[in-house]
Engineer: 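The structure that follows is given in the form of structure tokens.
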There are 2 protein chains.
Amino acid sequence: MYTIGQISEMFHLPISTLRYYDKEGLFPNLKRESGIRKFTDREVETLRVIECLKQSGLEIREIKQFMQWCTEGSRTYPLRKALFEGRKAAVEAEIAELQKTLALLTYKCWYYDTAIQDGNEDGIRAMLPDHLPKEIQALYDRANER
Amino acid sequence: MYTIGQISEMFHLPISTLRYYDKEGLFPNLKRESGIRKFTDREVETLRVIECLKQSGLEIREIKQFMQWCTEGSRTYPLRKALFEGRKAAVEAEIAELQKTLALLTYKCWYYDTAIQDGNEDGIRAMLPDHLPKEIQALYDRANER
DNA sequence: GCTTGACCTAAAGTCAGCTTTATGTGTTAT
DNA sequence: ATAACACATAAAGCTGACTTTAGGTCAAGC
């Protein structure tokens with residue numbers, strides 16, 4: 001069993017955030033002893049899932065909904081599974097987006113590297129939009145894909 | 001040359017957002033003809049960079065700062081390069097985080113798949129925390145890494 | 001016995017990033 | 001000429017996710 005302070009350190013989350021999560025109903029099983037929250041390994045696990053779902057782009061009220069389902073037994077298994085499938089697809093899409101972002105960032109790093117060496121952007125501009133060095137061209141095209 | 005409406009369609013961004021970006025100084029070269037904004041290919045390119053930097057986690061005011069640097073000639077090349085290097089590192093870190101999130105999501109998909117088949121979570125609980133099927137164990141461990 | 005520190009609540013405040021509202025201008029179609 | 005459109009502004013409003021504030025309880029150490 002853990003106090004809110006211990007959980008705060010464990011997850012590097014402010015105490016106020018944990019209380020806010022509790023207020024929002026994200027810990028449906030959280031018990032108290034004379035008013036004081038008692039976190040168990042179950043809440044530690046819950047918090048891991050909260051962080052995961054948050055990172056996946058889910059809103060607090062949707063996470064609450066999921067936690068609610070978890071208290072409703074086996075008939076909500078399909079709902080819960082569908083939620084995770086959906087989040088999985090969303091995160092895969094997000095990663096794909098970020099790879100494209102990364103291509104443009106990498107291109108821009110080369111761009112300014114070159115500009116610093118040349119003292120200006122003229123040489124690069126002369127190569128745009130499709131006579132860049134092979135590797136760089138690939139990044140540039142990938143970033144401007146749609 | 002494009003009107004704000006054309007740019008809005010091109011980027012699937014509301015007109016209000018484009019006006020907001022302009023108000024925030026994100027288009028330092030944007031010209032007007034009798035009050036009406038005239039977007040050129042330069043602004044199209046700027047908008048691509050805005051979207052990229054936004055996806056990388058940069059705030060509007062930092063993007064504005066970057067756009068300011070772009071108007072200040074070659075002496076800001078090093079600043080601009082450092083910005084992109086930093087954003088590149090941030091996006092790489094973000095992708096790594098999302099891969100971990102993805103591992104937990106994939107694990108949870110298996111979890112509910114199994115729970116649906118079994119009609120309960122007992123079988124899975126008996127395997128936790130380190131007697132899961134090999135592939136699944138790898139996902140689980142990866143997700144709970146720190 | 002009194003201060004310190006960790007816990008508690010309810011309610012108000014903050015912040016970024018838009019979005020909406022209210023109002024107005026200028027060109028094009030009927 | 002009048003309605004419909006696409007543009008414009010300034011200012012207020014919205015949303016989600018916290019965070020801060022103001023006030024209180026309770027156990028432990030000096």
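In what follows, chains are A, B, ... by sequence order, proteins preceding strands, each numbered from 1. The figures here come from the full heavy-atom set of this structure, side chains too, leaving out hydrogens, waters and symmetry mates.
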Engineer: Send over the distance from Lys38(B) NZ to dA6(D) C1', rounded to a whole Å.
Structural biologist: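 In whole Å, dA6(D) C1' and Lys38(B) NZ are 11 Å from each other.
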Engineer: Rounded to whole angstroms, how far apart are CZ on Arg61(A) and C1' on dC18(D)?
Structural biologist: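 So the two atoms are 15 Å apart, to the nearest Å.
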Engineer: Specify the separation, in whole Å, of atom CD of Glu24(A) and atom C1' of dT15(D).
Structural biologist: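 That distance rounds to 13 Å.
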Engineer: For Glu45(B), is there an ion pair with Arg48(B) - N to carboxylate O distance below 4.0 angstrom?
Structural biologist: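 Salt bridge flag = yes for Glu45(B) with Arg48(B).
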Engineer: Just the rounded figure in Å: distance from C1' of dG24(D) to CD1 of Ile36(A).
Structural biologist: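 Interatomic distance, CD1 of Ile36(A) to C1' of dG24(D): 13 Å.
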Engineer: Using atom NE2 of His12(A) as one end and atom C1' of dC18(D) as the other, report the distance to the nearest whole Å.
Structural biologist: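 Spelled out: NE2 on His12(A) to C1' on dC18(D) is 19 Å.
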Engineer: May I have the distance from Gln6(B) (atom CD) to dC7(D) (atom C1'), rounded to whole angstrom?
Structural biologist: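 Rounded to whole Å, this separation is 12 Å.
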Engineer: For dT9(D), does OP1 or OP2 lie under 4.0 Å from any side-chain N or O of Arg32(B)?
Structural biologist: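 It does, given that an N or O in the side chain of Arg32(B) lies less than 4.0 Å from OP1 or OP2 of dT9(D).
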Engineer: Checking all strands, does Ser34(A) fall into the base, sugar-phosphate, or nothing category for heavy-atom contacts under 4.0 angstrom?
Structural biologist: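 Since no nucleic acid heavy atom lies under 4.0 Å of Ser34(A), the category is nothing.
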Engineer: Counting only side-chain nitrogens and oxygens, does Tyr21(B) get under 4.0 Å of the OP1 or OP2 atom of dG17(C)?
Structural biologist: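 Answer is no, no contact under 4.0 Å.
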Engineer: Give a yes/no on whether any side-chain N or O of Thr17(B) is located under 4.0 angstrom from OP1 or OP2 of dC18(C).
Structural biologist: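 No.
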Engineer: Please determine which of Tyr111(B), Trp110(B), Tyr112(B) meets the side-chain contact (heavy atoms from CB on, under 4.5 Å) test together with Thr114(B).
Structural biologist: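 In the set Tyr111(B), Trp110(B), Tyr112(B), the residue that makes a side-chain contact (heavy atoms from CB on, under 4.5 Å) with Thr114(B) is Trp110(B).
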Engineer: Is the distance between the ring centroids of Phe84(A) and Tyr107(B) less than 6.0 Å?
Structural biologist: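 Judged by ring-centre distance (under 6.0 Å), Phe84(A) and Tyr107(B) do not meet the cut-off.
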Engineer: Could you please name the option among dT9(D), dT9(C), dG17(C) that lies closest to any side-chain atom of Arg37(A)?
Structural biologist: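 Nearest listed nucleotide: dT9(C).
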Engineer: Would you indicate, yes or no, if dA16(C) has its OP1 or OP2 atom less than 4.0 angstrom from a side-chain nitrogen or oxygen of Lys64(B)?
Structural biologist: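 No.
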Engineer: How many whole angstroms separate atom CD of Glu62(A) from atom P of dA17(D)?
Structural biologist: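 These atoms are roughly 9 Å apart.
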Engineer: Mind calculating the distance between CD1 (Ile63(B)) and C1' (dC18(C)) to the nearest angstrom?
Structural biologist: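 Distance, rounded to whole Å: 13 Å.
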Engineer: Using a cut-off of strictly less than 4.0 Å, decide whether Thr3(B) has a side-chain nitrogen or oxygen near OP1 or OP2 of dC7(D).
Structural biologist: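 It does, given that an N or O in the side chain of Thr3(B) lies less than 4.0 Å from OP1 or OP2 of dC7(D).
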Engineer: For Lys23(B), which contact category applies under a 4.0 Å heavy-atom criterion: base, sugar-phosphate, or nothing?
Structural biologist: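 No contact.
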Engineer: With nearest nucleotide decided by heavy atoms, which residue, Asp22(B) or Tyr20(A), maps closer to the 5′ end of DNA chain D?
Structural biologist: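 It is Asp22(B) whose nearest nucleotide is closer to the 5' end.
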Engineer: List the steps, then state whether side-chain contact (heavy atoms from CB on, under 4.5 Å) holds for Glu51(B) with Phe11(B).
Structural biologist: CA-CA 10 Å; Glu51(B) 301 253 85; Phe11(B) 283 87; 3.9 Å; yes
Engineer: Using side-chain heavy atoms (C-beta onward) and a distance below 4.5 Å, is Lys23(B) in contact with Tyr21(B)?
Structural biologist: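 No. Closest side-chain heavy atoms not under 4.5 Å.
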